[in-house]
J.: 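To start, I am sharing the structure in question, which I have written as structure tokens.
The structure presented is a predicted model; accordingly, all values stated were derived computationally and were not measured.
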Amino acid sequence: MESSVTGGEYTGANISLSVKFSGRTIPITNLSPDSTIKDLKSLLQPLTNVLPRGQKLICKGKLLVDGMTLKESEVANGSRIMLMASQGLHQGDGPILKQAPTRPISRANNATTLGKEKTEVSVDKNRLDRWKATGVIGLRDYNLRAIPDEVWACGASARVIELSNNAIPVVPAKIGCLSSLQKLFLSANDILDNSINWEALVSLKFLTVLSLDQNHLTTLPPALGLLTSLKQFHVANNKLSSLPNEIGLLTKLEVLKVNNNRISTMPTCIGDCIGLIEIDVSSNLLSELPETFGNLHNLKSVCLSNNGLKSLPSTLFKKCLQLTTLDLHNTEITMDVLRQQYLHRRKDGKVLMNAVA
């Protein structure tokens, strides 16, 4: 017969407890009394987005020590534990992260006002002529709820379109008529997964910069891999949980910014993006990186802060010899870990500098 725990005395059975954190109660079940407090913190990490070294656990007014077991700490079946999080040691989009900038636009549903605004865009013939002459369409902060028809009128003359900080929910099939488009900025709009016509978007063979920061995207389609001319891809401050494997087809990509999402794993094919110079995956839910990171020989800057990383790929320092900036703030990787495991002299006789933990 399985033994039990009574009155705080341990007789060998597993125990359950509850952890109070940020106004909610988190149940933890089936723990061995021989589990350490550090083990408990590791279990709490994905549930709270607080890194283990940023957790303070308190039971019956006593601070629990990492190296002690639950039994030694007198944490019994049914115990209630309070979790206090240290400032700056959250991973992913935890509460300590700065909010994305507020859009300086009005959200009032005033049909008359919106009608006037659209009319103003439509009747400005001089502006349309200027767009066609320069190839640059600037409509940032115009409180637009749709891309104006005048944009499509520019056709093949359009090279750069700036539509950030509006309220545009849809990227229609008409985007495909802008056959010479090189840069498209759509940050801080109301774009959802199914509101981008990717078939039309990937027809833009000269597109080198695509910015979709601060929208409502939860996934990216395989079609992304068809944008083979892309050099910069910005999709920070969305709700992505992963990246498509087809991202490995973007061999000309130099800058990838996917920070402030919910990404828990990086695809191994990221190593095929051999043109990458800068990558920012900070403030996600990563616990490890694939060894294929070492294939990115052109890497100069890697931002990994606010993740649950405990180690780095062994290939990173051996093969990425141009790497000069490595941001590890608020991860589980300390300078001691770096010194012990990674900051050895490399084959070229140099030591990687500017690693920040």
J.: Where do N30 and N14 land on the side chain to side chain donor-acceptor pair (under 3.5 Å) test, with the steps shown first?
T.: CA-CA 5 Å; N30 204 31; N14 288 348; 2.7 Å; yes
J.: Would you call I58 and L63 a side-chain contact if the rule is heavy atoms closer than 4.5 Å?
T.: yes
J.: For L210 and L207, work out which heavy atoms get closest and say how close.
T.: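 Looks like CB-CD2, 4.3 Å.
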J.: Are L44 and L57 side-chain neighbours, meaning at least one heavy-atom pair lies under 4.5 Å?
T.: yes
J.: Side chains of I274 and H297: does their closest heavy-atom pair fall under 4.5 Å?
T.: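 Result no, sub-4.5 Å side-chain heavy-atom pair not found.
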J.: Does K205 offer a backbone N or O that forms a donor-acceptor pair with the side chain of S229 under 3.5 Å?
T.: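 Yes; at least one donor-acceptor contact below 3.5 Å.
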J.: Taking side chain to side chain donor-acceptor pair (under 3.5 Å) as the test, write out the residues that go with D213, two or more places apart.
T.: none
J.: With sequence neighbours left out, write down each residue that passes side chain to side chain donor-acceptor pair (under 3.5 Å) with T36, or none if nothing qualifies.
T.: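 T36: side chain to side chain donor-acceptor pair (under 3.5 Å) contacts with D39.
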J.: Going by atom types only, do S187 and S211 share a side-chain donor-acceptor pair under 3.5 Å?
T.: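 Their side chains do contain a donor-acceptor pair, which is all the 3.5 Å distance test asks for.
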J.: Can you list every salt bridge (Lys or Arg N to Asp or Glu O under 4.0 Å) pair that touches residues 160-171, not counting sequence neighbours?
T.: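 Residue pairs with at least one partner in residues 160-171: R140-E162.
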J.: Less than 4.5 Å apart, side chain to side chain, heavy atoms only: is that true for I26 and L83?
T.: no
J.: Quick check: do F233 and L243 have side-chain heavy atoms less than 4.5 Å from each other?
T.: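 SC-SC contact between F233 and L243 ruled out.
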J.: Answer yes or no: is there a side-chain heavy-atom contact under 4.5 Å between I196 and L217?
T.: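 With C-beta onward as the side chain, the pair touches.
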J.: Just list the side-chain donor-acceptor pairs under 3.5 Å for residues 171-182, sequence neighbours left out, or say none.
T.:
| unit_1 | atom_1 | unit_2 | atom_2 | d |
| --- | --- | --- | --- | --- |
| S180 | OG | A156 | O | 3.0 |

J.: Could you list the residues that satisfy salt bridge (charged side-chain N to carboxylate O under 4.0 Å, His left out) with D34, not counting sequence neighbours?
T.: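 Salt bridge (charged side-chain N to carboxylate O under 4.0 Å, His left out) check on D34 returns nothing, list empty.
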J.: Between T218 and D193, does any side-chain donor sit less than 3.5 Å from a side-chain acceptor?
T.: yes
J.: Any side-chain heavy atom of L70 within less than 4.5 Å of one from I37?
T.: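 A side-chain contact under 4.5 Å exists here.
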J.: For the backbone of I191 and the side chain of S195, can you confirm whether one donor and one acceptor N or O come within less than 3.5 Å of each other?
T.: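 No; zero donor-acceptor contacts below 3.5 Å.
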J.: State, with a plain yes or no, whether a side-chain heavy atom of L139 is found less than 4.5 Å away from one of W131.
T.: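 Touching, per the 4.5 Å side-chain cut-off.
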J.: Scan residues 249-261 for pairs that pass salt bridge (Lys or Arg N to Asp or Glu O under 4.0 Å), counting only residues two or more places apart or in two chains.
T.: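 Qualifying pairs, neighbours excluded: K257-E278.
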J.: Count the heavy atoms of every other residue, nucleotide or ligand shown that sit under 6.0 Å from NZ of K62, and state whether that count exceeds 12.
T.: yes
J.: Would you find more than 12 non-hydrogen atoms of other residues, nucleotides or ligands less than 6.0 Å from M82 atom CE?
T.: no
